[in-house]
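One structure is given below, encoded as structure tokens.
For ligands, and for the atoms within them, numbers begin at 1 and follow the listed sequence.
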Amino acid sequence: MNHLIAPSILAADFANLQRDIEMINNSDGDWIHVDIMDGMFVPNISFGFPVVSAVKKYAKKDLDVHLMIVDPDRYLKAFKDAGAASITVHYEACPNLHRTVQYIKELGCRASVAVNPHTPVLLLEDIVADLDMVLIMSVNPGFGGQKFIPNTYKKLADIKELAARKNPGLYIEVDGGVDGSNAAKLVKAGATVLVAGNSVFSALNPVQAIADLKSSGL
Ligand code: DX5
Ligand code: ZN
């Protein structure tokens with residue numbers, strides 16, 4: 001399967017959000033990545049339900065909701081109702097991760113777990129068979145526009161091996177600092193979904209930037 005591109009609207013112009021969503025609708029982008037930050041799990045606050053619902057109103061692509069929040073169980077149904085197709089929770093934020101994952105699946109969403117740069121992928125050994133996707137953080141979560149952490153390639157090798165043993169259909173998403181300089185190498189290392197914020201929205205031609213990421217590594 002060809003890899004997917006999920007432009008992250010954290011880097012969009014919030015005063016022109018409809019325009020930026022329509023740009024993604026008319027691009028090779030596959031999903032729209034939606035970053036939710038609570039100022040507790042991460043040191044930043046992004047946006048909440050009214051914004052997600054507004055994005056959903058214009059989006060013609062699946063919303064890929066990434067929850068960087070503590071105790072996400074409180075809000076899973078609300079994000080489903082706001083339009084999420086995928087919901088990612090953080091390994092580090094979920095003491096009862098198996099229950100949380102089952103709840104996401106009961107809601108009818110793709111269930112995904114993110115691991116921070118310091119969290120070994122092998123900790124997912126006993127949950128990976130239940131997941132639709134694993135998100136490898138290639139920066140510390142909380143902000144767009146950060147520098148890519150090269151240890152991500154080693155983590156991709158680990159998750160690829162784990163997925164081959166336990167869940168061959170698993171999506172493997174990489175999030176943070178993805179751009180034209182590393183996209184091809186990430187795809188070759190096993191990434192099947194690339195999230196990209198600044199490299200898309202700060203490009204002179206965002207539609208072309210998305211097309212370039214989509215053809216990377218082919
Ligand atoms: C970071 C977010 C990312 C962010 C990526 O905490 O999870 O999704 O939007 O932005 P870039 O591509 O600019 O690193
Ligand atoms: Zn994200």
_Per-atom contacts of ligand 1 with Pro141, taking only distances under 4.0 Å to non-hydrogen atoms_ = 6 (O)
*What residue and heavy atom of the protein are closest to atom 11 (P) of ligand 1, and at what distance?*
Gly145 N, 3.6 Å
*Find the distance between NZ (Lys166) and CD (Glu125) and round it off to the nearest 0.5 Å.*
4.0 Å
_Considering non-hydrogen atoms of the protein only, which is the closest contact for atom 4 (C) of ligand 1, and what is the distance?_
Asp35 OD2, 3.6 Å
*Identify the protein heavy atom lying closest to atom 6 (O) of ligand 1, giving its residue, its atom name and the separation to 0.1 Å.*
Gly142 N, 2.8 Å
*Do Ile5 and Asp28 pass the side chain to side chain contact (heavy atoms under 4.5 Å, CB included) test, and can you show the C-alpha distance, the side-chain angles, and the key distance before you say yes or no?*
CA-CA 8 Å; Ile5 306 299; Asp28 289 340; over 6 Å; no
*Mind checking the OH-OG1 spacing from Tyr171 to Thr88? Nearest 0.5 Å is all I need.*
12.5 Å
*Report the nearest protein non-hydrogen atom to atom 12 (O) of ligand 1: residue, atom name, distance rounded to 0.1 Å.*
Gly197 N, 2.8 Å
*Taking all non-hydrogen atoms of both residues, which atom of His118 and which atom of Lys155 are closest, and how far apart?*
N-NZ, 4.3 Å
*Considering all heavy atoms of both residues, which atom of Ala184 and which atom of Gly217 are nearest to each other, and what is their separation?*
CB-N, 3.6 Å
_Can you name the atoms of ligand 1, numbered from 1 with element, that are less than 4.0 Å from a heavy atom of Met37?_
6 (O)
*May I ask you to list the atoms of ligand 1 that are less than 4.0 angstrom from any heavy atom of Met68?*
6 (O), 7 (O)
*Using a strict cut-off of 4.0 Å, indicate which atoms of ligand 1 neighbour a heavy atom of Asn198.*
11 (P), 12 (O), 13 (O)
_For atom 10 (O) of ligand 1, what's the nearest protein heavy-atom neighbour? Residue, atom name and distance, please._
Gly144 CA, 3.6 Å
*Will you find, in the side chains of Glu92 and Thr119, an N or O donor that is under 3.5 Å from an N or O acceptor?*
yes
*Does Arg99 come within less than 4.0 Å of Asp73, counting only side-chain N to carboxylate O?*
no
*Does any non-hydrogen side-chain atom of Leu63 lie less than 4.5 Å from one of Trp31?*
no
_Assigning hydrophobic clusters by single linkage (Ile, Leu, Val, Met, Phe, Trp, Tyr; side-chain heavy-atom cutoff under 4.5 Å), is Leu122 placed with Ile159?_
no
*asked:* Quick test: of every protein heavy atom, which one is nearest to atom 1 (C) of ligand 1, and how far off is it to 0.1 Å?
replied: Phe143 O, 3.5 Å
*Proximal atoms of ligand 1 relative to His66 (non-hydrogen, under 4.0 Å)*: 7 (O)
*Aromatic ring pairing His66/His90, orientation class (parallel under 30°, perpendicular over 60°, tilted between)*: parallel
*What atoms of ligand 1 come closer than 4.0 angstrom to any heavy atom of Gly176?*
14 (O)
*For Asn140 and ligand 1, does the shortest N/O to N/O distance drop below 3.5 Å?*
no
*Of all heavy-atom pairs between Ala191 and Val174, which one has the smallest distance, and what is that distance?*
CB-CG2, 3.7 Å
*Salt-bridge contact Asp132-Lys105 (side-chain N to carboxylate O under 4.0 Å)*: no
*Could you tell me whether Ala196 approaches ligand 1 through its side chain, its backbone, both or neither, with non-hydrogen atoms closer than 4.0 Å?*
backbone
*Does Ser199 come within less than 4.0 angstrom of ligand 1, counting non-hydrogen atoms of the residue?*
no
*Where is the nearest protein heavy atom to atom 7 (O) of ligand 1: which residue, which atom, and how far?*
Asp175 OD2, 2.9 Å
*Does Glu106 come within less than 4.0 Å of Lys80, counting only side-chain N to carboxylate O?*
no
*In Å and rounded to the nearest 0.5 Å, what is the CG to CD1 distance from Asn25 to Ile32?*
5.5 Å
*Starting from atom 14 (O) of ligand 1, find the nearest protein heavy-atom neighbour and note its residue, name and distance.*
Gly177 N, 2.8 Å
*Near the Zn ion (ligand 2) (cut-off under 2.8 Å), count of protein N, O or S atoms*: 4
*Please identify which atoms of ligand 1 are closer than 4.0 Å to at least one heavy atom of His33.*
8 (O)
*Heavy-atom distances under 4.0 Å are what count here, so tell me which part of Leu10 touches ligand 1: side chain, backbone, both or neither.*
side chain
*Check each of Ile9, Asp175, Val65, Leu67 against Asp35 using the side chain to side chain contact (heavy atoms under 4.5 Å, CB included) test, and report the only one that passes.*
Asp175
